[in-house]
Asker: 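Starting off with a structure, shown below.
Order of the sequence lines fixes the chain letters, A, B, ..., with proteins taken first and strands second; residue numbering starts at 1 for each chain.
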Amino acid sequence: MGWAIALHGGAGDIPLSLPPERRQPREAALRHCLQVGVDSLKAQKSPLDVVELVVRELENNPHFNAGRGSVLTTEGTIEMEACIMDGKTKKCGAVSGLTTVVNAISLARVVMEKTPHIYLAFDGAEKFAREQGLETVESSHFITPENIERLKHAKEANRVQIDYTQPVEKETPTVDGDSQIGTVGCVAVDNDGNLAAATSTGGLVNKMVGRIGDTPIIGAGTYANNLCAVSATGKGEAIIRGTVARDVAALMEFKGLSLKEAAAYVVEECVPRGNAGLVAVSAKGELTMAFNTTGMFRAAATEDGYTEIAIWP
Amino acid sequence: MGGWAIAVHGGAGVDPNLPQQRQEEAKQLLNRCLNLGIDALRSNLSAVDVVELVVRELETDPVFNSGRGSALTAKGTVEMESSIMDGRGRRCGAVSGLTTVKNPVSLARLVMERSPHSYLAFAGAEDFARQQGVEVVDNEYFITEENVGMLKLAKEANTIMFDYRVPEAVGLETCSAVVESPILMNGLPISVYAPETVGCVVVDSQGRCAAATSTGGLLNKMSGRIGDSPLIGAGTYASNLCGVSCTGEGEAIIRGTLAREVAAVMEYKGLGLQEAVDFVIKERLDEGKAGLIAVSNKGEVAWGFNTTGMFRGCATEDGFMEVGIWD
């Protein structure tokens, strides 16, 4: 069988004309994070440890919409969320509304392992982080000049929207597409078929304060059971409605679809075009990366030597 | 079949020793809410309007754990959450961490219809409530004397459960309650546990399904704890085929993506409504304890639970009507 790992840095309207200075650092980051994951799997770390480790790396990298590099709320602030799930036990942990916690995914794991709860948010989550001694910093640590620009563009685009007196749309018109609807995530399976999934994000650019997306919602942005592990990315509202991550597993279980077929079906049928992507691995060591957006920053590897780092189809 | 159908619940996991008077009170409220829903359905209101209407009534009445009468957090405050889903188009709205909004389900509906998002929480949700001009009150409004008492018992029970010395200062009633009621829900003895959540599912005469759920959440919860009620796919779900609202141990419902599961086995395995409900309760809860109500686009209604009792009621257009607590 063999282990398998896949990770993503966000699906979206990533322009094919993305200039090298924006493309290369992200490709390098994907390569680095993939290596971190592969090395851990080779060192026999559990998939749960592996996905947390890889997502921490992605969070720390300012080029992706999670942790440092998170997109900004409409007030120019940071609100991060994350979720982790262990396929074997279906234990899970989720957090939302974090403003100072350096690695949201690690707090999600602590919620899973050290509380009788699954999901903590906002002040309660921040307080818990301090009680547990997790690393926290000034919120400004997470803000990058790129994201200040993105927020500015999003506000300008919205202003145009309102001028045409359109009804409130669930679409955020994008000027500079990439990472408007990003997220990071990782799924992994070991030799024994143990599965885990982890997802982390700053959310939607220019989002209302307090807005929660799909990432921390079990079955929407993140899911793992004994069949597969899934991490989704894209337009949160669509992923929630489409219960994307759960549906991949449900199609495998109830309709006998393969991992690849199930993932393809979900991105084609359960969410509108241009709205979502996902990475997934199965208990049998298979992997798939599917998206209905222009592109998805992604990387994957399997024990038998397959490696891929890509952005567009 | 065809025709409209409605089901309501007031929480799963009921103390078998609940005094008769309390049982009657609960059944009367369920009856009243069913009738409210039935009148609305006969006036041709849409499914999503009906579920909102009914859940508002359940929130306003202090009998169940939602809105006024919500279970208290560890701090002694109320933090409410709710979600609503319209099967047509699978539109949804959810809120968490509300402290002053009189009817959380209505705010969830506004999130669905008047915001670009699906889920708002805590300060952001409270701000949105004010922007939208919904009715807000002091947090004290939601707190009932009974729940203050329940919180105290819960804290004592936690002390007993985690402290293996024989308790001395704790009242004998609490002691014997723990000994006589070994049934636990969410880590609390059933005599102390507050069955969580209220909900309503409806299919209207046009075959549209909707679901809504609302709660104060787990008694003695950490501030900031979010349960299954506002999570689409866990506590609430509606699609073209059905509408589902769950109640019970939040963590079990989330892990089992319970509400979505009912719809998924109908959609992907072709099970009928009752089969789907039975399957999910039997196979998807592992050691977890929960219950749910559901309607199908064919006008059927079903419920299931693996807890000791679930406050529930249901009615269909052909005249069937039933309110119950036990098996």
Asker: Which distance, rounded to the nearest 0.5 Å, do you find between the CZ of B/Phe122 and the CD1 of A/Ile212?
Answerer: 7.5 Å
Asker: Compare all side-chain heavy atoms of B/His117 with those of A/Leu204 and state whether any distance is below 4.5 angstrom.
Answerer: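 Yes; the side chains approach each other to less than 4.5 Å.
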Asker: Starting from the C-alpha separation in whole Å, work towards a yes-or-no answer on side chain to side chain contact (heavy atoms under 4.5 Å, CB included) for B/Met222 and A/Leu120.
Answerer: CA-CA 8 Å; B/Met222 287 171 75; A/Leu120 283 182; 3.6 Å; yes
Asker: Please round to the nearest 0.5 Å and tell me the distance separating atom CD of A/Glu237 and atom OG of B/Ser115.
Answerer: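 Reported to 0.5 Å precision, the distance equals 7.5 Å.
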Asker: Side chain from CB out, backbone as N, CA, C, O: work out which of these in A/Lys207 comes under 4.5 Å of a heavy atom of chain B, or both, or neither.
Answerer: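 Both parts, heavy atoms under 4.5 Å.
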Asker: To the nearest 0.5 Å, how far apart are OG in B/Ser118 and CD1 in A/Ile217?
Answerer: 8.0 Å
Asker: Taking side chain as everything from C-beta outward and backbone as N, CA, C, O, which of these in B/Arg260 sits under 4.5 Å from a heavy atom of chain A? Side chain, backbone, both or neither.
Answerer: side chain
Asker: To the closest 0.5 Å, what do you measure between OH (A/Tyr119) and CZ (B/Arg225)?
Answerer: 12.0 Å
Asker: Quick check on B/Glu287: does its CD atom have over 12 non-hydrogen neighbours (other residues, nucleotides or ligands) under 6.0 Å away?
Answerer: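 Open: at most 12 neighbouring heavy atoms sit under 6.0 Å from CD of B/Glu287.
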Asker: Measure distances from A/Ser96 to the heavy atoms of chain B and classify the residue's part below 4.5 Å as side chain, backbone, both or neither.
Answerer: neither
Asker: Indicate yes or no: at least one non-hydrogen side-chain atom of A/Val209 is less than 4.5 angstrom from one of B/Phe128.
Answerer: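 SC-SC contact between A/Val209 and B/Phe128 ruled out.
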Asker: Find the one option among A/Ala125, A/Pro116, A/Cys92 whose heavy-atom pairs under 4.5 Å with chain B are most numerous.
Answerer: A/Pro116
Asker: Taking B/Gly270, B/Gly224, B/Gly124 one by one, which has the highest count of heavy-atom pairs under 4.5 Å against chain A?
Answerer: B/Gly224
Asker: Test salt bridge (Lys or Arg N to Asp or Glu O under 4.0 Å) on A/Glu253 and B/Arg284 and set out the steps.
Answerer: CA-CA 13 Å; A/Glu253 183 175 353; B/Arg284 291 296 136 153; 2.5 Å; yes
Asker: Check A/Ile240 against B/Cys92 and note the closest heavy-atom contact, atom names and distance.
Answerer: CG2-SG, 4.2 Å
Asker: Please lay out, stage by stage, how B/Glu261 and A/Phe254 fare under the test side chain to side chain contact (heavy atoms under 4.5 Å, CB included).
Answerer: CA-CA 11 Å; B/Glu261 206 70 358; A/Phe254 300 135; 3.7 Å; yes
Asker: At what distance, to the nearest 0.5 angstrom, does CD1 of B/Ile226 lie from CD1 of A/Ile118?
Answerer: 11.5 Å
Asker: Where does A/Arg211 contact chain B at under 4.5 Å (heavy atoms): side chain, backbone, both or neither?
Answerer: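 For A/Arg211, heavy atoms of backbone and side chain both lie under 4.5 Å from chain B.
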Asker: So what's closer than 4.5 Å to chain B heavy atoms on A/Ala121: side chain, backbone, both or neither?
Answerer: both
Asker: So B/Glu251 and A/Lys91, salt bridge (Lys or Arg N to Asp or Glu O under 4.0 Å) or not? Walk me through it.
Answerer: CA-CA 9 Å; B/Glu251 283 67 22; A/Lys91 289 185 68 163; over 6 Å; no
Asker: For A/Asp123, is the CG atom crowded, meaning more than 12 foreign heavy atoms sit under 6.0 Å from it?
Answerer: no
Asker: Considering only heavy atoms and a distance below 4.5 Å, find which of B/Ser223, B/Ala121, B/Gly97 pairs most often with chain A.
Answerer: B/Ala121
Asker: Tell me whether the count of non-hydrogen atoms from other residues, nucleotides or ligands lying under 6.0 Å of CD in A/Glu75 goes above 12.
Answerer: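 12 or below, so no.
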Asker: Please determine whether side chain to side chain contact (heavy atoms under 4.5 Å, CB included) holds for the pair B/Leu120 and A/Met208, giving the CA-CA distance in whole Å, both sets of side-chain angles, and the decisive distance to 0.1 Å.
Answerer: CA-CA 8 Å; B/Leu120 287 180; A/Met208 288 171 73; 3.6 Å; yes
Asker: Examine whether an atom of B/Glu126 lies under 4.5 Å from a heavy atom of chain A, and if so say whether it belongs to the side chain, the backbone or both; otherwise answer neither.
Answerer: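 Neither; nothing under 4.5 Å.
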Asker: Atom OG1 in A/Thr243, atom OH in B/Tyr237: separation rounded to 0.5 Å?
Answerer: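 One finds 4.5 Å between OG1 of A/Thr243 and OH of B/Tyr237.
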